[in-house]
Amino acid sequence: MPDRYDPSSFEAKWRERWKAADLFATRQDPDRPKFYGLDFFPYPSGAGLSVGHCRNYIPTDVICRMKYMQGYNVLHPMGFDAFGLPAENEAIKNKVHPAPMVKRYAENYRRQMELIGISYDWSRSFASSDPEYYKWTQWIFKRLFEKGLAYRKEAAVNWCPQCKTVLADEEVAGGLCWRCESVVEKRFIPQWFFRITAYAQRLLDDLEELDWPEGIKQMQRNWIGRSEGVEFEMKVALPPGGPSEGDLEVLSDHKPLTFRVFTTRIDTVFGMTFAVLAPEHPLVDRLLRHVPEDRRAAIEEYRAAAKRLSEQDRLATTHEKTGVFTGLYAINPVNGQEVPIWVADYVLYGYGTGAIMAVPAHDERDFEFATKFGIPIVQVIAPKDGSPVDLPWVDKDGVMVASGEYTGMTVAEGQRALGEWMEALGIGERKVQYRLRDWLISRQRYWGCPIPIIHDAEGNMEAVPDDQLPVLLPEVEHYEPTGDGTSPLAHIEEFVNCTDSEGRLARRETDTMGGFACSSWYFLRFCDPHNGRQPWSPDSVRYWMPVDCYVGGAEHAVMHLLYARFWTKFLYDEGLVPVKEPFQRLENQGMVLALTPFRHPRENERLEVGQPGIQITFEEAQRLPQDQVFYRWEKMSKSKGNVVTPDEAVEKFGADALRVYELFVAPFDQAIQWTDEGLQGAARFLSRVFRIASEVAPWWRFDWEDGLQGDLSAPARELRRKTHQTIRKATEDIERFAFNTYVAALMTFVNSFNDFLRAVGPEPTESEKAVACEALQSLILLVSPAAPHSADEIWESLGGGGFTYQMEWPKYDEALCREDTLTIAVQVNGKLRDTVEVPADATREQVESAALASAKVQSHVGGKPIKKVVYVPGKLVNIVAP
RNA sequence: GCCCGGGUGGUGGAAUGGCAGACACAGCGGACUUAAAAUCCGCUUCCCGCAAGGGAGUGCGGGUUCGAGUCCCGCCCCGGGCACCA
């Protein structure tokens, strides 16, 4: 038995044995409960895994290993999100084809995951770019298409000029492309959408029942953005002397000249002093005919300028309000007052009706606009006590004033009364609005799942028949994006030309699906990954779904996690899956930060806002004078050059040390600072485990339970108690993702074990040896999920067969966890003055008298009358004597 | 601006309203060693004190309570997300 942790001598051996024994094959024994543990579907990057990625995989592995040892059937699979922009961009950069590239990268990922001992069942692995997989992505697309939930329409969409494709709203962060950070442009082109908005309310409601971090739920709620209000109609008052509604307007398009507005503050409607149309609003075209010549040019100029503005500039709140007056007026339905109609780009065409009633007294944006353009501001809501307020006053805790018959109502009362009044008169109705937009799924890129649709000569669309799926992505040499708004597939005649269901010449859809479509159902495929006839068998998803524990980064809060929920709900409605939600419990791991060198800027250099300094290499940091260099903790990334790979960490300190370190260093969901010292500390802990095992080894017997009879010595009783307490703590901590305290408990246990060995000396009694054996076996099993190589190595050195993974997780005995004496804190007036030792079964009276007997306590009470004594059993006595 | 997190020793962090600082890193002292590394033992919140002991202390200011790192109110700072959504 080695007496220290020497990973190079055994870790590789165990990984080979686990592989040879097919140890992590998924078990589906009907008598056992199931546990589905899953990591986010990774895109295999050429840089390989860093120790940052391991922060995701190691904790999931720990909980899966414990669950397996506790007797669960565990599904713990891994696959690769190979389709999509990141892979294609990397392939273009390297001037290679993405298919063999991602295959090579995925193999490297697998090698690294195996290197750190993750217990994946690789027999269930696949990549989203495998035809056997994307066949079913297309199949689900077809089901969505048939239900009208996948549709094509022309719309203003986000276009990334660098990636040369459109993007979903979720993929635009602060007006920038999430992949390349280019400024996103607006384009008006036909695109494919998934009607996720049809599920907005359910996506919102069902968040309640999920065990997810509150922050992620909140982000989804905000993204869905539900708001309740009233939508109502405003009539345009045509100018006297101009063309009247009777002649020109009716002749032109037979529609009355009206527009609808949405507001969440109908209670402020009496304060409306103008109305605003978004520049894209179609009514603007019709209004132009009624607008005096001199204004017409100004409005058209304004619209053109708004169109040129990038989405980022348009949405920037720093952007000063602009707009043009149309010269026309609309009628406020509640009081018949005419208010000017403006066109301004602070009203978004994509939300609500694209038109608003503006109440500058009670809306900050309207206030800013009114102030700039000299529009009247009329206060109609005031504090209940009538005190004066600064405008704009947006507080909802007020009453209506100057509002006709509604004057005196509270905001809530007024909203209800006005809503009902409008509904009764047919002017408007109460309505729920969502910020969520439909999910734009088509991409003008090669490396994605082809959309299984055919366009016939008349422009009709039909789905490719199921028996012709998958629509294979053609193998081509040149696949670079075109940039003209079409996919490179559009230029491949053999792909485009096809026949429709009636045998006529037709054209194939040439856009591909964005990568997020592929990752919206992979967790279902893992239940039945090799099914050639169905995406999954009903039995398999009934057994395994939902995912019990889903682990990954928080950056997918409103992308993957929302999309996957939507697909699951759709598939549930179709009767294809038995669950409404895919992921019951979600956990987000923290980042790994590395100390990164910077230098101060030189004279001719300027820093961006928020940029700490000029980032430099470690070599450069060595060369420069120390006062020019400073270090900061930065996220590990290839571009920062501060990445530590698991290969390096394992080479230096071993896989188990890496695992233990990442578990121990900080709470699971917090960012950690990578240090070699910490890693060394983990290795030191494992060495102590080996040393203890080697000391106990001479006394080892498999039937130690028989030796536990009779009275135990004090050190033996103490160690037994520690053993059972540690089992309890470790089990609970792993369950609640408190891996840092799980490891800390093991360290404490090792320290106590060490104290025991020192106390009993080289010749312990038989029962002490038995207690040591129980403690050692527990230690090996408890350490096994965190340090599986070491656990198996020690177990084998003791003569044990098999793998610790297949042994039963230890159980604790509550009675054995109990202390026989307790240390009670004694406070006087809430301040700690002493502690007293009492037997565990001492009565309240005994504890109190022991506390009062303390000289320190007496000196602080100082003879003052005792007003009362607070007694917390097992914890503390507080003597109140003021 | 709004919505989430979070502020605890030299450092990472621990603590169902009940002994603040578990566990570790770093540091210091000691043992072993010719020596170093490794390992082992011990000390390590700050202030006053030789010590015994005393005082202060979980971002700041209030409050609730016998008792607050923990709960409540008002601020400050840091990280993340959203941001002209009517």
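A, B, ... follow the sequence lines: proteins, then strands. Residue 1 opens every chain. Note that the structure is a prediction, hence the values are computed from the model and not measured.
No side-chain donor from either of Asp3(A) and Ser694(A) sits under 3.5 Å from a side-chain acceptor of the other. Using modelled atom types and a 3.5 Å distance limit, the side chains of Trp212(A) and Gln220(A) yield no donor-acceptor pair. For the residue pair Thr322(A) and Tyr302(A), a side-chain donor N or O sits within less than 3.5 Å of a side-chain acceptor on the partner.
Separation of the P atoms belonging to C75(B) and G1(B) is 12 Å when rounded to the nearest angstrom. Rounded to a whole angstrom, the distance from the P atom of A36(B) to that of C47(B) is 31 Å. Separating the C1' atom of G9(B) from that of C43(B) is a span of 15 Å, rounded to the nearest Å. Taking the C1' atom of each, C76(B) and G61(B) are spaced 10 Å apart, rounded to whole Å. Going from the P atom of G21(B) to that of U45(B) covers 9 Å, rounded to whole Å. The P atoms of G13(B) and U64(B) are separated by 34 Å, rounded to the nearest whole Å. The C1' atoms of C84(B) and U11(B) are separated by 45 Å, rounded to the nearest whole Å. On the P atoms, U70(B) is 32 Å away from A26(B), given to the nearest whole Å.
Here C82(B) is the nucleotide among C82(B), G54(B), C41(B) with the atom lying nearest to any side-chain atom of Trp223(A). You'll find that the side chain of Tyr351(A) is closest to A86(B), out of A20(B), A86(B), C23(B). Distance from the side chain of Lys321(A) is smallest for C84(B) among the nucleotides C84(B), A26(B), G12(B). Taking only side-chain atoms of Asp345(A), from C-beta outward, the nucleotide of C84(B), C23(B), C40(B) with the closest atom is C84(B). Side chain of His860(A), nearest nucleotide from G67(B), A24(B), G54(B): G54(B). For Asn754(A), taking side-chain heavy atoms from C-beta onward, the closest of the listed nucleotides C41(B), C23(B), A15(B) is C41(B). With A26(B), A15(B), C19(B) as the candidates, the nucleotide lying closest to the side chain of Arg736(A) is A15(B). Ranking C23(B), G12(B), A86(B) by closeness to the Thr264(A) side chain, first place goes to A86(B). In this structure, the nucleotide among G12(B), A22(B), G18(B) sitting nearest to the side chain of Ala744(A) is A22(B). Closest to the side chain of Thr741(A), out of A14(B), C19(B), A86(B), is A14(B).
Among the protein residues, Pro667(A) comes within range of the sugar-phosphate backbone only, with heavy atoms under 4.0 Å from sugar or phosphate atoms but none that close to a base. Within the nucleic acid shown, Arg684(A) comes within 4.0 Å of sugar-phosphate atoms alone, with no base atom in reach, counting heavy atoms only. Using a 4.0 Å heavy-atom cutoff across all strands shown, Tyr434(A) reaches no nucleic acid atom at all. Among the atoms of the strands shown, base atoms are found under 4.0 Å from some heavy atom of Thr835(A). Gly225(A) comes within contact range of no nucleotide atom at all, as no heavy-atom separation falls under 4.0 Å. Using a 4.0 Å heavy-atom cutoff across all strands shown, Arg4(A) reaches no nucleic acid atom at all. Residue Lys217(A) is classed as having no contact, given no heavy-atom separation below 4.0 Å to the nucleic acid. Backbone-only engagement by Arg833(A) is indicated by non-hydrogen atom pairs under 4.0 Å involving sugar-phosphate atoms exclusively. Nucleic acid contact class of Asn751(A) (heavy atoms, under 4.0 Å, all strands): sugar-phosphate only. Across all strands shown, Gln680(A) has no heavy atoms under 4.0 Å from either base or sugar-phosphate atoms. Contact annotation for Val880(A): backbone-only contact, meaning every heavy-atom pair under 4.0 Å involves sugar-phosphate atoms and none involves a base. Residue contacts for Val870(A): at a heavy-atom cut-off of 4.0 Å it reaches a base atom on one of the strands shown. As judged by a 4.0 angstrom heavy-atom cut-off over every strand, His362(A) is placed among residues making no nucleic acid contact. Within 4.0 Å of Asn740(A), counting heavy atoms only, lie sugar-phosphate atoms of the nucleic acid but no base atom.
What separates CZ of Phe664(A) from C1' of G13(B) is a distance of 8 Å, to the nearest Å. Rounded to whole Å, the distance from CG on Leu593(A) to P on G80(B) is 11 Å. The CG atom of Asn878(A) sits 18 Å away from the P atom of G17(B) (whole-angstrom rounding). Note: CG (Asp169(A)) to P (C82(B)) measures 12 Å, nearest angstrom. Distance CD (Gln673(A)) to C1' (A26(B)): 14 Å, rounded to an integer number of Å. Per the geometry, CZ belonging to Arg758(A) stands 11 Å off C1' belonging to U39(B), to the nearest Å.
Contact annotation: Gln433(A) does not reach the phosphate of A86(B) (side-chain N/O to OP1 or OP2, under 4.0 Å). Within the structure, every side-chain polar atom (N or O) of Thr823(A) is placed at least 4.0 Å from both OP1 and OP2 of C19(B). Arg688(A) has no side-chain polar atom (N or O) that falls below the 4.0 Å cut-off from OP1 or OP2 of U39(B). Side-chain nitrogen and oxygen atoms of Lys831(A) include at least one within less than 4.0 Å of the OP1 or OP2 phosphate oxygen of A56(B).
Residues Trp342(A) and Leu277(A) fail the side-chain proximity criterion, which asks for heavy atoms closer than 4.5 Å.
In summary, the aromatic rings of Tyr661(A) and Trp674(A) are positioned with their centroids under 6.0 Å apart. Ring to ring, Phe274(A) and Phe369(A) are close: their centroids are under 6.0 angstrom apart.
Between the side chain of Gln827(A) and the base of G18(B), at least one donor-acceptor pair of N or O atoms lies under 3.5 Å. Side chain Lys875(A) to base C19(B): no donor-acceptor pair is found below 3.5 Å.
The only option from Val750(A), Thr731(A), Thr748(A), Leu746(A) that meets the side chain to side chain contact (heavy atoms under 4.5 Å, CB included) definition with Thr726(A) turns out to be Leu746(A).
Taking the six-membered ring where the residue is Trp, His556(A) and His560(A) present perpendicular rings, their angle passing 60° and hence far from 30°.
Nearest-nucleotide positions on RNA chain B place Ser687(A) closer to the 5' end than the other of Met219(A) and Ser687(A). Heavy-atom nearest nucleotides on RNA chain B were determined for Gln218(A) and for Ser859(A), and the one closer to the 5' end corresponds to Gln218(A).
Searching all strands for a Watson-Crick or G-U wobble partner of A52(B) with both distances below 3.5 Å returns nothing. Applying the Watson-Crick and G-U wobble criteria (two distances, each under 3.5 Å), G5(B) pairs with C78(B). Look at C23(B): its Watson-Crick or wobble partner, with both distances under 3.5 angstrom, is G12(B). Across all strands shown, A35(B) forms no Watson-Crick or G-U wobble pair with both key distances under 3.5 Å.
Taking both residues in full, the closest heavy atoms of Ala594(A) and Met636(A) are given as CB-CG, 3.8 Å, listed atom of the first, atom of the second, then distance.
Counting only distance, with no hydrogens or angles, the side chain of Thr258(A) and the backbone of Glu233(A) share no donor-acceptor pair below 3.5 Å.
For G57(B), the base adopts the anti conformation, since its glycosidic angle falls more than 90 degrees from zero.
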